[in-house]
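What follows is a set of notes on a single structure, which appears directly below.
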Amino acid sequence: MLRLSMIRWLLLAVGLVVLGGLIWHIGLSQVWETVERVGFVAFCVILLLRLVVYLLDTFGWSLTLGQWAGRVGFVRLFMVRMAGEAINVTTPTAMLGGEPVKAYLLTRYEVPMVEGLASVVTAKTIMVIAQILFMLLGLGVTLWLLGAGEYNVLMAFVTLGLLGFGVLLFVFLQRYGIGRGLLTVADTCGIRSQRLEAARPQLLELDHTIRTFYRERRRSSLLSLGIHFVAWVTELFEVYAILYFLGAEVGWLASFAIAAIAVLIKGSVSFIPGGLGAQEGGYLFLLVALGYGEVTGITFAVIRRIREIVWILIGLVFLAVLRGRTALATTS
């Protein structure tokens with residue numbers, strides 16, 4: 001645990017150095033002047049566009065939660081989602097650390113832990129499938145804008161192949177059984193744990209609940225897939241708005257390409273807490289490749305980082321409120 005914490009701090013330090021170096025190279029004064037040009041009202045518009053994405057994702061999740069969604073309520077489900085996502089972004093857990101927390105927070109509203117975990121797993125899977133579809137279209141647009149050179153095509157297919165393989169492997173694991181797989185690995189390796197044995201019935205029940213969802217609620221899963229895909233597509237409006245407020249020439253195709261590749265960049269550096277430094281470098285490289293200047297590229301990255309920090313803070317506030325309610329319910 002100590003070693004993991006040290007690695008986390010090291011990655012954060014490297015990210016800060018990279019981000020500072022990029023801003024120093026381009027010029028802090030130029031970046032700050034461009035950020036100021038955006039203004040408060042425009043930044044609020046950017047925050048609202050991101051809010052639309054989060055609301056759509058919450059709706060997509062509620063479809064996998066089934067009857068329990070009505071008991072929780074949409075507003076509280078939104079709070080739980082934002083609290084979990086804040087943990088995902090701020091911890092080096094490849095965007096997965098907040099998922100069990102979501103299921104735990106749902107128990108506050110009498111949602112069984114197994115049902116909550118099953119909904120989190122299925123919603124995350126469906127969201128990633130929608131993400132790959134979005135990136136597939138975005139990569140096609142990017143190749144059309146940049147030119148379908150052999151290197152670009154090769155990198156696009158390798159990236160999509162890895163993403164697709166990862167999702168298929170995860171779906172197969174769900175079909176086989178996540179709990180069953182964990183227990184099989186433990187038995188094969190001779191691992192004996194009283195806690196794991198005590199959780200065996202719950203793990204097997206989790207497998208059954210997930211398989212039942214895919215088998216009996218196909219309409220809900222397809223509708224959830226459509227909602228999550230719309231949420232991903234909505235990101236291009238945010239990209240368009242940021243570039244527009246920066247005074248850059250902007251088009252819908254370029255916005256689509258930037259939004260899709262930005263998702264890919266964010267996912268590929270998820271092992272770094274918040275992707276600090278790596279995301280900014282990726283965004284800068286992407287926008288420069290599409291013909292934008294360095295100042296526009298780094299300012300675009302800085303604005304997205306500020307927007308992300310605001311929503312992380314909101315998520316952490318929601319987490320504190322929900323944990324407080326959980327503690328209060330426990331003591332009473």
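What you see is a predicted model, and the numbers here were worked out from it, not measured in a lab.
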List the steps and the verdict of side-chain contact (heavy atoms from CB on, under 4.5 Å) for L47 and L51.
CA-CA 6 Å; L47 288 178; L51 174 61; over 6 Å; no
Reported CG-to-CZ distance for the pair L106 and R76, which is rounded to 0.5 angstrom
10.5 Å
Run the side-chain contact (heavy atoms from CB on, under 4.5 Å) test on I258 and Y292 for me, step by step, so that the C-alpha distance in whole Å, both residues' side-chain angles and the decisive distance to 0.1 Å come before the verdict.
CA-CA 11 Å; I258 293 170; Y292 294 93; 4.1 Å; yes
hydrophobic_cluster_shared for V53 and V233, side chain cutoff 4.5 Å:
no
I need the minimum non-hydrogen distance between G60 and S224, along with the two atoms involved.
O-OG, 2.9 Å
Locate the shortest heavy-atom distance separating A123 from T64; write the atom from each residue and the value.
CB-OG1, 3.7 Å
When you look at OH of Y54, are more than 12 heavy atoms from neighbouring residues, nucleotides or ligands closer to it than 6.0 Å?
yes
Looking at F285, I want to see if its CZ is surrounded by more than 12 non-hydrogen atoms of other residues, nucleotides or ligands under 6.0 Å.
no
Evaluate whether atom CD of E216 has more than 12 neighbouring non-hydrogen atoms of other residues, nucleotides or ligands under 6.0 angstrom away.
yes
State yes or no: do M82 and V310 share one hydrophobic cluster built from I, L, V, M, F, W and Y residues joined by side-chain heavy-atom distances below 4.5 Å, directly or via other members?
yes
Can a donor-acceptor pair be found, under 3.5 Å and without considering hydrogens, that links the side chain of T58 to the backbone of F78?
no
What's the spacing between I227 CD1 and S62 OG if we round to 0.5 Å?
8.5 Å
Cation-pi check for Y283 against R304: NZ or CZ below 6.0 Å from the six-membered ring centre and within 45 degrees of the axis, yes or no?
yes
Closest non-hydrogen atom pair between A262 and L286, with its separation:
N-CD2, 4.3 Å
Taken in chain and number order and not counting sequence neighbours, the residues that satisfy side chain to side chain contact (heavy atoms under 4.5 Å, CB included) with A130 are L225, H228, F229, W232
Residue pairs passing the salt bridge (Lys or Arg N to Asp or Glu O under 4.0 Å) test with at least one member in residues 217-235, sequence neighbours excluded, are R50-E235
Is the terminal nitrogen or CZ of K124 (NZ for Lys, CZ for Arg) located under 6.0 angstrom from the six-membered ring centre of W61 and within 45° of that ring's axis?
no
With rounding to the nearest 0.5 angstrom, report the CG to CG distance, L77 to D57.
11.0 Å
Please report the C-alpha distance between F245 and V250 in whole Å, then the side-chain angles of each, then the deciding distance to 0.1 Å, and finally whether the side-chain contact (heavy atoms from CB on, under 4.5 Å) criterion is met.
CA-CA 10 Å; F245 291 131; V250 59; over 6 Å; no
Dump the intermediate steps for side-chain contact (heavy atoms from CB on, under 4.5 Å) on F134 and L139, then the final yes or no.
CA-CA 9 Å; F134 174 65; L139 282 173; over 6 Å; no
Can you tell me if T122 uses its side chain to pair, donor with acceptor, with the backbone of A118 under 3.5 Å?
yes
Hey, any chance V80 and W311 share a hydrophobic cluster, counting ILVMFWY side chains that come within less than 4.5 Å of each other, even indirectly?
yes
Can you see which heavy atom on A260 is nearest to which on G138, and at what distance?
CB-CA, 3.4 Å
Hphob cluster co-occupancy, L222 + L136, side-chain heavy atoms under 4.5 angstrom
no
Please check if I309 and I314 belong to a single hydrophobic cluster, counting links between Ile, Leu, Val, Met, Phe, Trp and Tyr side chain heavy atoms closer than 4.5 Å.
no
All heavy atoms of L236 vs all of S255, minimum pair found to be O-CB, 3.7 Å
Exercise: identify the closest heavy-atom pair between V38 and A42
O-CB, 3.1 Å
Polar side chain donor-acceptor pair, W68 to S119, under 3.5 angstrom
no
Heavy-atom donor-acceptor pair, R307 side chain to I303 backbone, under 3.5 Å:
no
